[in-house]
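So the structure is just underneath, and the comments pick up after that.
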Protein chains: 2
Amino acid sequence: MGATKTEHFSSKVNAIAALAKAMGHPARVAIVEHLLKVNGCICNDIVNELPLSQPTISQHLKALKEAGIIQGEVEGNSICYCINPKAIHKLEAYFGKLSSKLNTSNLNCCT
Amino acid sequence: MGATKTEHFSSKVNAIAALAKAMGHPARVAIVEHLLKVNGCICNDIVNELPLSQPTISQHLKALKEAGIIQGEVEGNSICYCINPKAIHKLEAYFGKLSSKLNTSNLNCCT
DNA sequence: TTTCTTTATCGTAATATTGCAATATATATT
DNA sequence: AATATATATTGCAATATTACGATAAAGAAA
């Protein structure tokens, strides 16, 4: 026990959960926000923006990258990280679909 | 160390992270999917739908409830759980805003 | 080549999460 | 009251996450 039983769930459900999990930490949300603010890339300035150590930030960047939320390229001396719009769009599409289904359904309990 | 340093981040960032975290497990996504499918409430049938024990499911329901993703009411012998549309809408709005900002920005790197 | 800068990885400690058996609680039914 | 049904809580073991110091790696600049 202790490990998530991903094998029992559909790949669609696992895919959404993996994306949501990656966004499930304030540091990672803050990284995405920062990437959006600087309109493109992180080149060495993210460490100064967040109240976390460099190894911790590197770890969070890795988690975001492995989930497909961001993508990175070596850019000379530093690394260029930016948001992968497709991943964000998947989340938007999923929650958007949920929202619209909720609007059309008659939730006649728990109100 | 080991605990998330939530106190260093804005309440907006923490709020999104908390919602995303709640959706960051396949069992919890599956619960939400099931709630949507039955168009309203869970009344005792969720345990038969998921490949997890009753205590584990109860735990996931509690996590979803504490995050505000679902809301529950005692309904006679059983419990009536249903989705809180506001929480889903917050997620949709957040990722929607990210998406549209990404569309208008010129991501001239990492392409 | 040496040094500087930037990012990644390793090792480790603290904490959190996941999962379940056992048990408790609470209401319905008989 | 006794029993049945549905959900929650407790206690525990296994695993994962978070965070950071120390160190490594890799390219830039001198």
Side-chain angles (χ1 to χ4, degrees), chain A residues 1-9 13-14 17-18 20-31 34-35 41-67 69-82 109-110, chain B residues 1-9 13-14 17-18 20-31 34-35 38 41-67 70-82 109-110:
Chain A
M1 327 137 200
T4 294
K5 292 190 163 181
T6 52
E7 68 277 12
H8 293 308
F9 298 96
V13 160
N14 277 315
K21 187 178 185 180
M23 294 298 288
H25 191 288
R28 293 194 289 269
V29 175
I31 287 172
H34 184 71
L35 276 170
C41 305
I42 294 180
C43 301
N44 97 37
D45 56 349
I46 191 79
V47 172
N48 305 314
E49 295 290 329
L50 295 185
L52 292 168
S53 72
Q54 182 270 322
T56 300
I57 291 170
S58 184
Q59 203 169 250
H60 283 304
L61 286 167
K62 191 181 179 186
L64 285 169
K65 192 176 182 183
E66 281 176 356
I69 303 268
I70 64 175
Q71 47 202 175
E73 269 181 2
V74 176
E75 183 95 356
N77 199 10
S78 59
I79 296 272
C80 167
Y81 273 126
C82 64
C109 65
C110 311
Chain B
M1 324 136 201
T4 295
K5 292 190 163 180
T6 52
E7 69 275 12
H8 293 308
F9 298 97
V13 161
N14 277 315
K21 187 179 185 179
M23 295 297 289
H25 191 286
R28 295 195 288 269
V29 174
I31 288 172
H34 184 70
L35 276 171
V38 303
C41 304
I42 295 179
C43 301
N44 95 37
D45 56 350
I46 190 80
V47 172
N48 305 313
E49 295 289 332
L50 295 186
L52 293 169
S53 72
Q54 182 270 322
T56 301
I57 291 171
S58 184
Q59 201 169 252
H60 283 304
L61 286 168
K62 191 181 180 187
L64 285 169
K65 193 176 182 185
E66 282 177 354
I70 65 176
Q71 47 203 173
E73 268 180 1
V74 177
E75 184 95 355
N77 199 10
S78 59
I79 297 269
C80 167
Y81 273 126
C82 65
C109 63
C110 310

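Keep in mind that what you see is a predicted model, and the values were worked out from it rather than measured. Chain A is the first sequence line, chain B the second, and so forth, proteins listed ahead of strands; every chain is numbered from 1.
Judged by atom type and distance alone, Q59(B) does not reach the base of dA8(D) through any side-chain donor-acceptor pair under 3.5 Å.
Here the OG1 atom belonging to T56(A) is positioned 6.0 Å from the CD atom belonging to Q59(A), to the nearest 0.5 angstrom. For the atom pair CD1 of I69(A) and CE of M23(A), the computed distance is 5.5 Å after rounding to the nearest 0.5 Å.
Out of dA8(D), dT9(C), dT17(C), the shortest distance to the side chain of Q54(B) is found at dA8(D). You'll find that the side chain of H60(B) is closest to dG19(C), out of dT9(C), dG19(C), dT7(C).
The shortest heavy-atom contact between A30(B) and L50(B) is CB-CD2, 3.8 Å. Scanning all heavy atoms of the two residues, the minimum distance from V13(A) to P26(B) falls at CG1-O, 3.3 Å.
Put simply, CG on N14(A) is 13 Å from P on dT18(C), counting in whole angstrom units. Look at CD1 on I57(A): it is 17 Å from C1' on dT17(D), rounded to the nearest Å. For the pair F9(B) CZ and dA19(D) P, the interatomic distance rounds to 7 Å; values are reported in whole Å. Here dT7(C) presents its P atom at 10 Å from CG of N48(A), a figure rounded to the nearest Å. I31(B) places its CD1 atom 11 Å from the P atom of dT18(C), with the value rounded to the nearest Å. The nearest whole Å value for the distance from the CG atom in L50(B) to the P atom in dA6(D) is 16 Å. Across the protein-nucleic acid pair, L64(A) atom CG and dA8(C) atom C1' stand 15 Å apart, rounded to whole Å. Taking atom CG of residue L61(A) and atom C1' of nucleotide dA8(C), one finds them 11 Å apart after rounding to whole Å.
Looking at heavy-atom distances under 4.0 Å, L52(B) makes contact with sugar-phosphate atoms alone, never a base. Among the heavy atoms of the strands lying under 4.0 Å from T4(B) are primed sugar atoms or P, OP1, OP2 only; no base atom is included.
OP1 or OP2 of dT17(D) sits under 4.0 Å from a side-chain N or O of K21(A). Phosphate proximity of dC20(D) to T56(A): present, with a side-chain N or O under 4.0 Å from OP1 or OP2. Residue S58(B) has a polar side-chain atom (N or O) positioned under 4.0 Å from OP1 or OP2 of dA8(D). The phosphate of dA8(D) has OP1 or OP2 within less than 4.0 Å of a side-chain N or O from Y81(B). For the pair K62(A) and dT7(C), the criterion of a side-chain N or O lying under 4.0 Å from OP1 or OP2 is not met.
Aromatic ring orientation, F9(B) versus H25(A): perpendicular (interplanar angle above 60°, classes split at 30° and 60°).
Residue whose closest nucleotide on DNA chain C sits further toward the 5' end, between P55(A) and T6(A): P55(A).
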